[in-house]
Structures are given as C-alpha cells and as structure tokens.
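Read the structure below first, then the notes.
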Amino acid sequence: MIKCQKTIKIGILIIGLCLLTTLTLYKKDAYYEKEQTKQVAISFLKSLTKYDQESAIKYVLSNTQLDKDLKNPDKFLSFKDSKILGVIRVNEDSTEGRSKFYQAFYKIISVVVKIKVVHTDDIGNPAGDYILFITLVKKSPQSEWLITELGSGP
C-alpha cells in the first residue's frame, strides 16, 4: 500500500514536470516567433526610411497590394528619413474574421510600431508621429515571416 502511494506520487511528479517543461518550451517558442516578427518589421521599416525599395520588397509577400505599392517609387517617399520610435505591441492573430486570402497561412502575427514621419505624404498627411499596423504571415512552419499589410493610424 505504501509503495503504491509512493509510486503514484512519483508518477504525478513526473507528469507535472513534463507539463511544466512543455509549457516552458511553448512560451519560449512563442517569444522567439514574436521576436522574429519584430525584427522583420523593423528591418522592413528601416529599408523604407532609407528609401531602399529593393531591400524592403524582400520582406513583403509577393503578389500582395503592398508588393505592388512598393514597386511605385513615389508611394512610400513619406517614410524617407523617418525614425522608428519603437515597437508598441506584437500579437498573434487568428484567421477568424480575416478575408479568405488569410485562411491559407500557417500563422499570422500583427506588429504595432510607432514611427516619426518627417515628410508630408502624397495625399497630404502631415509629418509627425504615426502608429503603423504591420501584418506578417508564415506560409508553413519552415517558411520565413513576410509582410502582407502596412496600415496606419493617428
């Protein structure tokens, strides 16, 4: 009877340790993915601030509206010489509520970045601090993170 109780306690302890290890690894993996997306978003924005469209396009999923917009040299002229103030938030997104286009992706992450724009853009938005919403996707577990959308807010 006593050996049985010790065996049960040891079994529960081992199961608990396994669960704790699994949870720790999951958190570490999620943190790593969020850091990767932050780095891709920052590298993309740095390319835009240097007005280096060729480098910026490398971070964008081809055949998206953003890819087409970047190929127009004047579209992102307002980002030239801008300063990245920092990443505000990184969220893992689900495909729920998104268009059919996003249903095919393995993972979606949104990065919110604050940037100081120094030039007035082509539609008359003034220079100043802006919040950018950047959507990144991964086609498969082995693929790179690529940007599909770049939106802004006040």
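Because the structure is a prediction, the values reported are computed rather than measured.
Listed here is the closest heavy atom pair of K138 and Q36: NZ-OE1, 4.4 Å. For the pair V117 and A127, the tightest heavy-atom approach, listed with the atom from each and the gap, is O-CB, 3.3 Å. Taking both residues in full, the closest heavy atoms of N91 and R89 are given as ND2-NE, 3.0 Å, listed atom of the first, atom of the second, then distance. Closest non-hydrogen pair, K83 versus I115, comes out as O-CG1, 3.2 Å. A pairwise comparison of heavy atoms in L146 and L61 identifies CD1-CD1, 3.7 Å as the closest pair.
Listed by chain and residue number, E149 satisfy the side chain to side chain donor-acceptor pair (under 3.5 Å) test with T135 (two or more places apart in sequence, or in another chain). Residues passing the side chain to side chain donor-acceptor pair (under 3.5 Å) test with S55 are D52, sequence neighbours excluded. Looking at residues two or more places apart in sequence or on another chain, you find a ring pair (Phe, Tyr, Trp, His ring centres under 6.0 Å) between F101 and F105. K46 is linked by a salt bridge (charged side-chain N to carboxylate O under 4.0 Å, His left out) to nothing, counting only residues two or more places apart in sequence or in another chain. Evaluation of the salt bridge (charged side-chain N to carboxylate O under 4.0 Å, His left out) rule for D93 yields R98 as partners, not counting sequence neighbours. Annotation: side chain to side chain donor-acceptor pair (under 3.5 Å) contacts of K58 (sequence neighbours excluded): none.
No side-chain donor-acceptor contact under 3.5 Å links S43 to the backbone of V40.
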Y59 and S47: side-chain contact (heavy atoms from CB on, under 4.5 Å), yes or no, with the steps?
CA-CA 10 Å; Y59 299 106; S47 296; 4.0 Å; yes

Tell me, with the steps shown, if W145 and Q39 meet side-chain contact (heavy atoms from CB on, under 4.5 Å).
CA-CA 10 Å; W145 285 101; Q39 291 306 314; over 6 Å; no

If you apply the rule side-chain contact (heavy atoms from CB on, under 4.5 Å), what do you find for D69 with L150, and how did you get there?
CA-CA 10 Å; D69 288 344; L150 173 67; over 6 Å; no

Check step by step if side-chain contact (heavy atoms from CB on, under 4.5 Å) holds for L66 and F44.
CA-CA 12 Å; L66 183 60; F44 170 72; 4.2 Å; yes

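In the model, S82 has no side-chain atom that pairs as donor or acceptor with a side-chain atom of Y130 under 3.5 Å.
Note that CD1 of I84 is 5.5 Å distant from OG1 of T49, once rounded to the nearest 0.5 Å. Distance check: K38 NZ to I109 CD1 gives 11.5 Å after rounding to the nearest 0.5 Å. Distance check, rounded to the nearest 0.5 Å: CD1 of I88 to CG of L132 gives 9.0 Å. For the atom pair K114 NZ and I131 CD1, the distance stands at 5.5 Å (nearest 0.5 Å). In this structure, CD1 in I57 is found 9.5 Å from CG in L48, a value given to the nearest 0.5 Å. Interatomic distance, L70 CG to K68 NZ, rounded to the nearest 0.5 Å: 12.5 Å.
In the hydrophobic cluster analysis, where Ile, Leu, Val, Met, Phe, Trp and Tyr join through side-chain heavy atoms closer than 4.5 angstrom, V60 is grouped together with V113. In the hydrophobic clustering of this structure, V111 groups with I147; members are Ile, Leu, Val, Met, Phe, Trp, Tyr whose side-chain heavy atoms approach within less than 4.5 Å, directly or through other members. There is no path of hydrophobic side-chain contacts, each under 4.5 Å, that joins V112 to V137.
Surrounding CD of Q65 are more than 12 heavy atoms belonging to other residues, nucleotides or ligands, all under 6.0 Å away. A 6.0 Å sphere centred on CD of Q103 holds more than 12 heavy atoms belonging to other residues, nucleotides or ligands.
Side-chain contact between S110 and F133 is absent, with no heavy-atom pair separated by less than 4.5 Å.
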